[in-house]
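To keep things clear, I will list the structure first and then write my remarks on it.
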Amino acid sequence: MKIGICGAGVGGLSAAIGLLSLGYEVDVFERAPDVRETGAGFNLWPNAGRAIYGLGLREQYNEIAVKLDRYIELDPEGKQLFSTDTSNWPEKYGAPAVGLYRPDLALMLGDAVGLERIKFNHDVVSVENAGDKAICNFSNGETYEADVIIGADGINSKVREQLIGGVTFRPNEHYAYRFRSVLDLNDVDMDPAAQTGFYAAGGWLSFIPIGKGKAYWFGSVSGANTFEDFIEFFSSWTKTPIPNTLSNTSRDLLVQSPLLDVDGVPYKWTQGRITLIGDAAHPMMPDMAQGASQTFVDALALRDAFANNQDVDQALRDYETNRRPVANAVVKCSQKGLFLGRNKVDPIAIRYQNEIEPVAA
Ligand SMILES: Cc1cc2nc3c(=O)[nH]c(=O)nc-3n(C[C@H](O)[C@H](O)[C@H](O)COP(=O)(O)OP(=O)(O)OC[C@H]3O[C@@H](n4cnc5c(N)ncnc54)[C@H](O)[C@@H]3O)c2cc1C
């Protein structure tokens, strides 16, 4: 079996790891020149950990991931609004909630696939079905044929566009941008084993340790389209570490991402021998920190569908039947926003347990 994967992000690399473990011939095509991602931190939940363990990366993952034992929410005065102990989540859910440095994750996945298997500088421009094969065309004029092509090319997926047409994103009703950056753990007074967030109606900012003496912060403010607006919102929160953190943030390390909202993907993920994984299949708001987590779950489900079926088309059907309803439920869940004033939305640690775990099983 020969499988081509478009995109070497979380989805492409984790799919490749699962399919290589079945002894398949796997080629990964990535338009960027290398796999070293920029970016700050990642917050992954137990469902991600379980899938990563299932893909055979338990040891490597535990080495780069910082286990979060507590989840804490405070107000702009630094007074505690909510706190919960998550230290027993490995026993309860099979894996911890963690923080990690995004480039560490990219390198872990890249090493597991083998960099020689990834064809960099390969920009996919179109895909097509051809009987029991699928073909991928690149901007450099090359073509590639395989038994199955997987679109793992992210939120603005070209493969998805070819399969089902474009997706129209709309501005999120709560927040337009997410700002984030990395800092030294010593530069902020925080519990080194906790996710610590500061919340008020209209804006929030959270800190997560990511290992090697580092942490990352991330947050959104309603109506803040620039970093200056963002800083301004928090300027009076002087009893919290936020004003200092923001004024010490180097612009070189600042990441500003637009928040793209869409009502999931009610259409099919698979057409003939071409299917989708990750953000290409289920673009979602990052508020539940489930985008990558769901992507790891996809990769494990894809591997299992092939492991359990000799028939390629049946394997693709099983993968989609298993994953699409769950992923779309998580898309809906992620649209509710974070703290919008007390009582409207529960803290994410509670919502993970009440809304994600029950569908993730
Ligand atoms: C601000 C923000 C914060 C987030 N925080 C979290 C978090 O804490 N936890 C979490 O679980 N999720 C988080 N997410 C979501 C997470 O980043 C995504 O869900 C995850 O990266 C999806 O992986 P992917 O492989 O599908 O897509 P990507 O990671 O986007 O990878 C797609 C890859 O395809 C390549 N590519 C694109 N087009 C082509 C082409 N035409 N040809 C070849 N290659 C191509 C790209 O270069 C890229 O390498 C966050 C998202 C955002 C925006």
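Atoms within each ligand, like the ligands themselves, are counted from 1 in listed order.
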Practice prompt. May I ask you to check whether over 12 heavy atoms, not counting those of Asp85, lie within 6.0 Å of atom CG?
Written response: yes

Item to complete: Check each atom of ligand 1 against the heavy atoms of Gly278 and keep those under 4.0 Å away; list them by number with element.
Response: 26 (O)

Worksheet entry | Numbering as shown, the atoms of ligand 1 that approach Gly154 to under 4.0 Å (heavy-atom distance) | 27 (O), 30 (O), 32 (C)

Worksheet entry | ligand 1 to Lys158 polar contact by distance, N or O atoms, under 3.5 Å | no

Discussion item. Is there a polar contact between ligand 1 and Ala32, counting only N or O atoms under 3.5 Å apart?
Written reply: no

Discussion item. Counting only heavy atoms closer than 4.0 Å, does ligand 1 sit against the backbone of Cys6, its side chain, both, or neither?
Written reply: neither

Worksheet item: Can you tell me how far CD of Glu145 sits from CD of Glu128, rounded to the nearest 0.5 angstrom?
Response: 9.5 Å

Item to complete: Taking atom types as modelled, find out whether Asp229 and Thr226 have a side-chain donor-acceptor pair closer than 3.5 angstrom.
Response: yes

Worksheet item: Just going by heavy-atom distances, which of Phe42, Phe120, Phe138, Phe29 is nearest to atom 6 (C) of ligand 1?
Response: Phe42

Discussion item. Out of all atoms in ligand 1, which are within 4.0 Å of some heavy atom of Ser257? Include the element for each.
Written reply: 1 (C)

Discussion item. Taking Asp132's backbone N and O only, do any of them form a donor-acceptor pair with Arg273's side chain (distance below 3.5 Å, no angle check)?
Written reply: yes

Worksheet entry | Neighbour count >12 (heavy atoms, 6.0 Å) for atom CD, Gln256 | yes

Worksheet item: Does Arg180 reach ligand 1 with a nitrogen or oxygen that is under 3.5 Å from one of the ligand's nitrogen or oxygen atoms?
Response: no

Worksheet item: Would you say ligand 1 has an N or O under 3.5 Å from any N or O of Ala289?
Response: yes

Practice prompt. Identify which of Val255, Leu105, Asp153, Asp279 has a heavy atom lying nearest to atom 19 (O) of ligand 1.
Written response: Asp279

Worksheet item: Can you tell me if Asn309 and Asp318 form a side-chain donor-acceptor pair at under 3.5 Å?
Response: yes

Practice prompt. Determine, using ring centers only, whether Tyr71 and Trp89 are less than 6.0 Å apart.
Written response: no

Discussion item. Can you name the atoms of ligand 1, numbered from 1 with element, that are less than 4.0 Å from a heavy atom of Ser293?
Written reply: 11 (O)

Practice prompt. Run the salt-bridge test on Lys158 and Asp153 with the 4.0 Å N-O cut-off and return the result as yes or no.
Written response: no

Item to complete: Would you check if Asp279 and Ser157 make a side-chain contact, meaning some heavy-atom pair closer than 4.5 Å?
Response: no

Worksheet item: Just checking, is any N or O donor in the side chain of His174 or Asp287 under 3.5 Å from an acceptor N or O on the other one?
Response: no

Worksheet item: Can you list the ligand 1 atoms lying under 4.0 Å from a non-hydrogen atom of Arg102?
Response: 17 (O), 21 (O)

Worksheet, complete the sentence: Besides Phe234, the hydrophobic cluster formed by Ile, Leu, Val, Met, Phe, Trp and Tyr side chains linked at under 4.5 Å, directly or via other members, contains Ile72, Leu74, Tyr177, Phe179, Leu183, Leu185, Val188, Met190, Phe198, Leu205, Phe207, Trp217, Val221, Phe227, Phe230, Ile231, Phe233, Trp237, Ile242, Leu246, Leu254

Item to complete: For the pair Asn137 (side chain) and Glu142 (backbone), establish whether a donor and an acceptor sit closer than 3.5 Å, ignoring hydrogens and angles.
Response: no

Worksheet item: Can Glu357 and Tyr93 be said to form a side-chain contact (heavy atoms from CB on, under 4.5 Å), step by step?
Response: CA-CA 8 Å; Glu357 269 298 324; Tyr93 296 128; 3.5 Å; yes

Discussion item. Applying a heavy-atom cut-off of 4.0 Å, say which part of Leu44 lies close to ligand 1: side chain, backbone, both or neither.
Written reply: side chain

Practice prompt. Select one of side chain, backbone, both or neither to describe which atoms of Pro286 lie under 4.0 Å from any atom of ligand 1, heavy atoms only.
Written response: side chain

Fill in: Sub-4.0 Å heavy-atom approach of His122 to ligand 1
yes

Worksheet item: Do the side chain of Gln314 and the main chain of Ala305 share a donor and acceptor less than 3.5 angstrom apart?
Response: no

Worksheet item: Does any N/O atom on Ala280 come nearer than 3.5 Å to any N/O atom on ligand 1?
Response: no

Worksheet item: Should Val124 be counted as touching ligand 1, given the test is an N or O pair under 3.5 Å?
Response: yes

Practice prompt. Check each heavy atom of Glu161 against ligand 1 and say whether those closer than 4.0 Å belong to the side chain, the backbone, both or neither.
Written response: neither

Fill in: Atom indices of ligand 1, in the order listed, that fall short of 4.0 Å to a heavy atom of Arg178
1 (C)

Worksheet entry | Atom indices of ligand 1 within 4.0 angstrom of Ala152 heavy atoms, with elements | 32 (C), 33 (C), 34 (O)

Fill in: Distance filter under 4.0 Å to Asp123 heavy atoms, resulting ligand 1 atoms
40 (C), 41 (N), 42 (N)

Worksheet, complete the sentence: The option among Ala8, Ala292, Ser334 carrying the non-hydrogen atom nearest to atom 12 (N) of ligand 1 is Ala292

Discussion item. Pairs of nitrogen or oxygen atoms closer than 3.5 Å, one from Val10 and one from ligand 1: do any exist?
Written reply: yes

